[in-house]
Each structure stands twice: as structure tokens, then as C-alpha cells.
Amino acid sequence: MTSSSGTPHGGPTGSPGDAVWRRSPQAAAGLGAGVLVLGLGLLVGRADVALLGVAPLLGALWAGRPGAWRSATPGRGTGVAIDPTADAAAPGELTAVLRLDPAPGTELVHARVSAPGHRTAGIVVAATPRDLPLTLSTVRTGPQRTFHVDARGYGAGGTTAEDPVSVTAPDRLVLPTAMPLQRVPVPRRLRGLTGPHTSRRLGDGDELRDVHPFAPGDRLRRIDWRTTARRSPDLSTLYVRRTYATAEATAVLVVDSRDDVGPDLRTWRGTGPQRVDEPTSLDLARHAAASVAGALVAAGDRVGVDDLGRRRRPLPPAAGRRHLRRVLHALALSSPVGHPDRRLRAPQVPADAVVYLFSTVLDDEPLALVRAWRAVGHPVVLVDTLPDVRGAREEHMRLAWRVTRAERDDRLRRMTAEGVPVVRWAGDARQEAALRFEALVRADERHRRGAVGAR
């Protein structure tokens, strides 16, 4: 999904009145080629070769006759505009429409389209008003730079050309897509008066707790007449069926946007450009968070978002499809502002909420945050978003990566030893994430049944 940060209609436009028309290099090249071929034919005594140079020579002389410049020069420049479309043709594609409005008297228009991380494409079209579709593919999310167009019109016979008209499309905000997940872990203690889960308190629900004599406050529709007739034939005592109430779960998605690294170690210093066909750790975090949020909202639970790279008010937990759209927008905007300082305390989380932390675990701060949340009773699920790193050729980079990887693996082992589930979300492991979440849910259900049986 994508959304435009500019106006949805009427993108940037190149002003036709600003164009300056000049004699094109093609006219001088035609004159030079004609003189060269004519001279070569006369030199070798070949009349047929000399005649080949007459046509371009006469064309250049005709274009240079008095008054020809004014007649071959259009009165204005070519109008160029980019209209970003709201919907993409397919996931991972950004589309726009290039609108060309050539001036009267223009014969051809040459347009060159470029985008960061993509090859430049050029096209030459006849000078008629037309709309040209533009499409680029990317796996990156968040704010993205898109199309830049340089267009130039050519007059009659290509003897005149205008200065290039440059137009840049507004940046697009690419929302993360979601992978379908069946079930994800939820906290054991539930909040709210209604929801999709069965709580441990009495109330309206579907799961039977017991059959109890009628007491003040019980509803008449809860009377179990069969049990009443069997236990009290004279109807001296009425029996009601009591059930467990339903409730909703609350989850907070914490995105560690302090690191935005790709598979190439050479880009970790922030000097090289990231490839558009390879997701970075922040792209994987957005995709994982969007998938978890979609599963929670589909189940009727409440979801909130916080960002470790920004000191701003977090998105409070809520439910519903409209809130899911706000969650996706907040995830797309998650990015570090400047150099984030180390947090003195963990982000505040609502009571009895499960925390999903999406991090690369390249430093000790995620480990400290997980321990702080667990100390106050919040269950934590860590989603590992570091991409599959490619080996570097430079010896110093290989040595640095070996040290960094050893420290990171040690942190992950310590979290696993302390009972924190770790779900890998990169490479082939991403396809197994749904099974991993389902295994965590089933393990939690077995634990709950064992605890109830023990009581």
C-alpha cells in the first residue's frame, strides 16, 4: 500500500513559458557530415558518394536561411507534469502518470526518466499531448523518492531544441504490507468487558464455569430448567448456568528504528546507498509489525505502536480496521531522528499488555528493555529483524562482523535462556514465522490448562 505525501492530483509541473529554444547540435552535425561526405566524394572521384552529402548539406543550408529560425521555433516550451496515482498496480510497485503537452510546431519530445536505485530510461515520442504511465518496483517501505523526468522538445527537422525541463515527483510514503498469520501470543491476563478471548472471571460468555443456585444479580435467562427439574422438582431452588466472561488482549508493538542496516556490510556506515531490491532491517521490522498487527486486529484485540528511535507520544492501543490503518501509517513513519540517546527507562506499556519488540539486537539496549518489561510482569516476544548479511571482501570488515555477530548471538542466547521467545524474520526463516507463533500459542495454552488442572 502506498500513499502520497503531496497532493493526490496535479503533481509538479514544468512551466512551458520558462523554456529557451536554441539551435540543436543535430543541425551543425548535419552540415559537417554533408561537407565531409561531399568533399570525400570529390577527392576520390566518386559522384555517387558526393551526392550522398548533398542532402544533409542542403537541409542544413535550408534550415539556416533568413527567417527559418523564427518559423522553426515554437512559441513556448513543452509542458511536463507528473501526476502520482494513489493505488499501485501490484504490491511493491509505485506508479505515476507523465503528462506531456508539447508546444505547437514541435515535432519530437525526448523524455528521460530516472529514480534512485533504478536504471535511467529514455523515450522519444511524437509531439502530441499524451499521458505516459510510469512504474517502478521496490521492496523498501517508508518515505521514498520516486520519479525525476527531464524532457526536451525538438522543432521542425530537429534544427532547434529547447532547454531541458526537469520535474521531480513528490516523495511517496510506502506503507508496509502484511503476511497472513493465524494466531500470535497474547497476555495471560486479559482486560476489558468484552472481546474474543475467555477470561477467568464470571460474566457473559460461551465457556461454562459451573451450575449454581440462583442468587441476587443472576439473570433469568441463565436459569437451567433441566438441572432445576432434576435437582429441585418442587422448584424450591432455581439453578443457573454461570460462564466465564470474555475479554480482549492488549499488545504494544515496539519498533527499534535506531538501526537501519542492509545485507551489505559496506552500507552500514551510512555512506553507500541501500539497494531498492533488498529490504533493510527497518523494512523487515515494519513488515513483521504490520503482520502481527493484522493478526491481532483480525482477532478483535487492541494494538499500540511505539518507536525507540523517536521521542514522541506513542500510538495508544485500540482496535478496529481504521486503527489498523493508523498503525500502518505509524510504522511507515518509524525512523530515527538524529542520533537517539540511550533511554533511561523502558517505554511505558499498559498494564497486562504483551510487548512485541522488533530489533536487530546489535547492542545491549534491547536486552535491558526486555528485562525491565519482564520485571514488571509484561510478557515479551522478540522478533529478530537483522537481514542475512553477506560476507565482505575486506579483511577488517570480516573481522568486525565476526566480533559483532558473536556479541549478538550471545545476547540472543541469554534472552532465550531467560524465557524470552525469539522469532527470526529474515530470509527463509520469515516463511516459518507463522509456525513459530502458532507453536508459542499452543505452548501457552498447554501451560494454562496445566495451571487450571493443578488448582
Side-chain angles (χ1 to χ4, degrees), residues 139-141 176-186 251-265 267-268 274-275 277-296 303 305-309 331 334 354-371 373-374 378-392 401-444:
V139 298
R140 306 294 306 279
T141 55
T177 58
M179 184 177 69
L181 300 175
Q182 296 299 325
R183 295 189 299 176
V184 295
V186 296
V252 177
L253 312 179
V254 181
V255 179
D256 187 1
S257 66
R258 298 174 302 125
D259 297 321
D260 188 11
V261 295
D264 191 354
L265 289 173
T267 62
W268 285 26
Q274 301 280 3
R275 294 178 54 173
D277 59 343
E278 293 180 343
T280 64
S281 61
L282 189 53
D283 296 324
L284 295 177
R286 292 172 180 148
H287 180 259
S291 302
V292 173
L296 291 170
V303 183
V305 178
D306 202 348
D307 186 359
L308 295 182
L331 292 175
S334 59
V354 60
V355 180
Y356 286 87
L357 177 60
F358 305 88
S359 175
T360 58
V361 200
L362 290 176
D363 58 8
D364 292 331
E365 186 163 348
L367 181 59
L369 294 178
V370 169
R371 289 173 173 172
W373 283 319
R374 288 172 56 84
H378 294 291
V380 180
V381 177
L382 174 65
V383 181
D384 181 11
T385 60
L386 183 69
D388 293 337
V389 179
R390 294 192 298 268
W401 170 237
R402 287 180 58 185
V403 174
T404 303
R405 182 176 57 186
E407 294 176 347
R408 178 178 177 276
D409 293 342
D410 181 64
R411 298 186 192 101
L412 293 177
R413 282 193 297 268
R414 279 186 285 173
M415 288 189 185
T416 303
E418 294 176 6
V420 179
V422 178
V423 180
R424 177 83 172 137
W425 200 278
D428 298 334
R430 190 191 327 187
Q431 306 303 325
E432 303 174 359
L435 299 178
R436 175 65 172 153
F437 281 130
E438 181 67 22
L440 294 176
V441 173
R442 293 187 179 184
D444 187 66

* Presence of salt bridge, Glu365 and Arg258, under 4.0 angstrom -> yes

* CD on Glu407 to CG on Asp364, rounded to 0.5 Å -> 8.0 Å

* **Side-chain ion pair, Arg408 and Asp384, N-O less than 4.0 Å** => yes

* To do: Please determine if Arg275 and Asp264 form a salt bridge, counting it only when a charged side-chain N lies under 4.0 Å from a carboxylate O.
  => no

* Has the side chain of Arg424 got a donor or acceptor atom that lies under 3.5 Å from a matching backbone atom of Ala433? -> no

* What orientation do Trp425 and Phe437 show, parallel under 30°, tilted 30 to 60°, or perpendicular over 60°? -> tilted

* Asked: Hey, mind stepping through Arg390 and Glu278 against side chain to side chain contact (heavy atoms under 4.5 Å, CB included) and telling me if it holds?
  -> CA-CA 12 Å; Arg390 294 192 298 268; Glu278 293 180 343; 2.5 Å; yes

* **Nearest heavy atoms of Met415 and Val370, plus distance in Å** => CE-CG2, 4.3 Å

* Asked: Stepwise, does the side chain to side chain contact (heavy atoms under 4.5 Å, CB included) test hold for Val380 with Val354?
  -> CA-CA 6 Å; Val380 180; Val354 60; over 6 Å; no

* **Asp410 and Arg405 ion-paired at < 4.0 Å** => no

* Grab the two heavy atoms, one from Pro279 and one from Pro387, that are nearest each other, plus how far apart they are. => O-CG, 4.0 Å

* Asked: Out of curiosity, Leu331 CG to Leu253 CG, how far, rounded to the nearest 0.5 Å?
  -> 6.5 Å

* Candidate pair Phe358 and Leu284, rule side chain to side chain contact (heavy atoms under 4.5 Å, CB included), full reasoning -> CA-CA 9 Å; Phe358 305 88; Leu284 295 177; over 6 Å; no

* Asked: Is any side-chain N of the basic residue among Glu438 and Arg442 closer than 4.0 Å to the acidic one's carboxylate O?
  -> yes

* Asked: When you check the side-chain N and O atoms of Asp260 and Thr280, is any donor under 3.5 Å from an acceptor?
  -> yes

* **Arg411 side chain to Val361 backbone, donor-acceptor under 3.5 Å** => yes

* Between Arg413 and Asp409, is the closest basic N to carboxylate O distance under 4.0 Å? -> no

* Check the pair Arg371, Glu418 against salt bridge (Lys or Arg N to Asp or Glu O under 4.0 Å), reporting the backbone distance first and the verdict last. => CA-CA 9 Å; Arg371 289 173 173 172; Glu418 294 176 6; 2.7 Å; yes

* Asked: Do any N or O atoms from the side chain of Tyr356 and from the backbone of Pro185 form a donor-acceptor pair under 3.5 angstrom?
  -> yes

* To do: Decide side chain to side chain contact (heavy atoms under 4.5 Å, CB included) for Leu282 and Thr385; before the verdict, give the C-alpha distance in whole Å, the side-chain angles of both, and the deciding distance to 0.1 Å.
  => CA-CA 7 Å; Leu282 189 53; Thr385 60; over 6 Å; no

* Asked: Are Val254 and Val355 close enough that some pair of their side-chain heavy atoms sits under 4.5 Å apart?
  -> yes

* Pair Ser281, Asp259: side-chain N/O donor-acceptor within cut-off below 3.5 Å -> no

* **Interatomic distance, Leu369 atom CG to His378 atom NE2 [nearest 0.5 angstrom]** => 12.5 Å

* **Closest approach of Asp307 to Ser257 (non-hydrogen atoms, all atoms of both residues)** => OD1-OG, 2.6 Å

* Looking at Leu386 and Ala426, what are the two nearest heavy atoms and their distance? -> O-CB, 3.3 Å

* To do: Mind listing the closest non-hydrogen atom pair of Thr177 and Ala290 along with its distance?
  => O-CB, 3.7 Å

* Structure fact -> Output for pair (Asp256 CG, Asp306 CG), nearest 0.5 Å, gives 11.0 Å

* Asked: Counting distance only, does the side-chain N/O of Trp268 pair as donor-acceptor with the main-chain N or O of Gly262 below 3.5 Å?
  -> yes

* Is a salt bridge present between Arg140 and Asp277, judged by a nitrogen-to-oxygen distance below 4.0 Å? -> no

* **Student check: side-chain heavy atoms of Arg436 and Pro421 closer than 4.5 Å** => yes

* If we only count heavy atoms from C-beta on, is the Val184 to Leu296 side-chain gap below 4.5 Å? -> yes

* Kindly say whether Val441 contributes a backbone atom to a donor-acceptor pair with the side chain of Asp444 at under 3.5 angstrom? => no

